[in-house]
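A quick write-up on the structure given underneath.
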Amino acid sequence: MQPLYDTIGVDYANLRREEPRIAAQIHAALGDAQSVLNVGAGAGSYEPRDRVVTAVEPSAAMIAQRPADAAPAVQGSAENLPFADESFDAALAVLTIHHWQDQAKGLAEMRRVAPESVVLLTFDPAFRGPWLHNYFPDLVTLDDAQMPTMDFYAQHLREVEIRPVPIPHDCIDGFLYAFWRRPAAYLDPRIRAGSSSFWKLDSLENGLKRLAADLESGAWARRYGDVMHQDSLDCGYRLVVARG
């Protein structure tokens, strides 16, 4: 099967830049691990530069976008990591588990190659954001279908710690809920192209028309304007941290 990001990831390195405030939380969660495997590594965002990192990524298009100074990348999948047991101090996966064909097997593989530390940045499908779902209700169905619940991680990684990751209002990474205080950004097709969720929805037309009309009329501001006074917001993103 051709990886999804061979199609949608053609400008990923520009659309999905590392957000330093989120990176700091991820790197802190890695603790003192010196060797890190980044699973579903994409173009290399959130890889620590002060540790020995190896990347695994299924999409050749994504690997081609990795900077020249990025960690070496191997083409492969989370479900079949081409490394021996206990090869790394930690395994990392950033906003990628919803693309795996077998999520339980992928987590087991991360535990196998890095039994002492597994760190994932993911999304809690039980979360309902302040407004985006109201314009694109199919996001709820999509989240439920593709995102593991928080209980799933405990089942497959044993004891885990779940940490909320608040999203800054000026987040420079273009993931789905990054623009919670910049609603007009969702009207830009280039911005939407940075989120796999928008590629997976059958139709965006009605939601985009409603959002544009509400921004023009001031209805959006009347309903959701309270978010404009917040510097960061819990948008459902979570760090899952499992130790040996």
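A 4.5 Å side-chain heavy-atom check between Asp173 and Ile22 finds every atom pair outside the cut-off. For the pair Leu139 and Leu176, the minimum side-chain heavy-atom distance is below 4.5 Å. Pro48 is listed as a side-chain neighbour of Arg51, based on a closest heavy-atom distance under 4.5 Å. Proximity of Val53 to Leu37: side-chain heavy atoms (C-beta onward) are nowhere separated by under 4.5 Å. At a threshold of 4.5 Å between non-hydrogen side-chain atoms, the residues Ser232 and His169 do not count as touching. In this structure the side chain of Gln101 reaches within 4.5 angstrom of the side chain of Glu79, judged on heavy atoms. Between Tyr46 and Glu19, some side-chain heavy-atom pair lies under the 4.5 Å cut-off.
At least one donor-acceptor pair under 3.5 Å links the side chain of Arg66 to the backbone N or O of Gly42. The closest donor-acceptor contact from the side chain of Asp89 to the backbone of Gln34 lies under 3.5 Å. A distance-only check finds a donor-acceptor pair linking the side chain of Gln75 to the backbone of Pro58 [under 3.5 Å]. The backbone N or O of Pro115 sits less than 3.5 Å from a side-chain atom of Arg111, completing a donor-acceptor pair. Side-chain N or O atoms of Glu57 include none that pairs as donor or acceptor with a backbone N or O of Val74 at under 3.5 Å. Under the 3.5 Å distance criterion, the side-chain polar atoms of Arg192 are left unmatched by any main-chain donor or acceptor of Leu204. Listed for the Glu86 side chain is no donor-acceptor partner under 3.5 Å among the backbone atoms of Val113. Side-chain N or O atoms of Thr96 include none that pairs as donor or acceptor with a backbone N or O of Ala93 at under 3.5 Å. Remark: the backbone N or O of Ile167 is paired with a side-chain donor or acceptor of Trp180 at under 3.5 angstrom. In this structure, the side chain of Arg181 does not engage the main chain of Val227 through any donor-acceptor pair within 3.5 Å.
Here the straight-line distance linking atom CG of Leu121 with atom OG of Ser45 works out to 11.5 Å at 0.5 Å rounding. Separation of atoms OG (Ser77) and CG (Asp102) is listed at 9.5 Å; rounding is to 0.5 Å. From Leu92, atom CG reaches atom CG of Leu30 across 5.5 Å, with rounding to the nearest 0.5 Å. The OH atom of Tyr224 sits 3.5 Å away from the CG atom of Asn134 when rounded to the nearest 0.5 Å. Distance check: Ser196 OG to His99 NE2 gives 3.5 Å after rounding to the nearest 0.5 Å. Between Glu161 atom CD and Leu239 atom CG the span is 9.0 Å, to the nearest 0.5 Å.
Ion pair Arg112/Asp85 flagged as a salt bridge, since at least one NZ, NE, NH1 or NH2 atom sits closer than 4.0 Å to an Asp/Glu carboxylate oxygen. The residues Glu205 and Lys209 are annotated as salt-bridged, a charged nitrogen and a carboxylate oxygen being separated by less than 4.0 angstrom. Contact check on Arg21 versus Asp170 returns a salt bridge, with a Lys/Arg side-chain nitrogen under 4.0 Å from an Asp/Glu carboxylate oxygen.
Side-chain atoms of Asn206 and Tyr135 include no donor-acceptor pair closer than 3.5 Å. Side-chain contact annotation: Asp124 with Tyr237, donor-acceptor N/O pair under 3.5 Å absent. Between the side chains of Arg243 and Ser117, at least one donor N or O sits under 3.5 Å from an acceptor N or O. A donor and an acceptor atom, one from each side chain of Ser195 and Tyr177, are nowhere located under 3.5 Å apart. Remark: the Asn38 side chain and the Glu47 side chain contain an N/O donor-acceptor pair separated by less than 3.5 Å.
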side-chain contact (heavy atoms from CB on, under 4.5 Å) for Gln103 and Lys105? Distances and angles first, verdict last. CA-CA 5 Å; Gln103 294 168 342; Lys105 186 175 181 183; over 6 Å; no
Practice prompt. Before giving the answer on salt bridge (charged side-chain N to carboxylate O under 4.0 Å, His left out), spell out for Asp214 and Arg223 the whole-Å C-alpha distance, their side-chain angles and the decisive distance to 0.1 Å.
Written response: CA-CA 10 Å; Asp214 284 356; Arg223 293 171 187 153; 2.8 Å; yes
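Met228 is connected to Leu211 through a chain of hydrophobic side-chain contacts under 4.5 Å among Ile, Leu, Val, Met, Phe, Trp and Tyr, so both are in one cluster. Connection of Trp100 to Phe83 is established within a shared hydrophobic cluster, with ILVMFWY side chains joined at heavy-atom distances below 4.5 Å, either directly or through further cluster members. Grouping the Ile, Leu, Val, Met, Phe, Trp and Tyr side chains by contacts below 4.5 angstrom, directly or via other members, places Val119 with Leu95. Residues Ile191 and Leu187 share a single hydrophobic cluster, defined by chaining ILVMFWY side chains whose heavy atoms lie under 4.5 Å apart. Under a hydrophobic clustering in which Ile, Leu, Val, Met, Phe, Trp and Tyr are joined whenever their side-chain heavy atoms come within less than 4.5 Å, directly or via other members, Val140 and Met147 fall into different clusters.
Here Phe136 and Tyr186 keep their ring centres 6.0 angstrom or further from each other. Taking the six-membered ring for Trp and the full ring otherwise, the centers of Trp131 and Trp220 sit less than 6.0 Å from each other.
For Asp226, the CG atom sits in a loose shell: 12 or fewer heavy atoms of surrounding residues, nucleotides or ligands are nearer than 6.0 Å.
Taking the six-membered ring for Trp and thresholds of 30 and 60 degrees, Phe123 and Phe127 have ring planes more than 60 degrees apart, a perpendicular arrangement.
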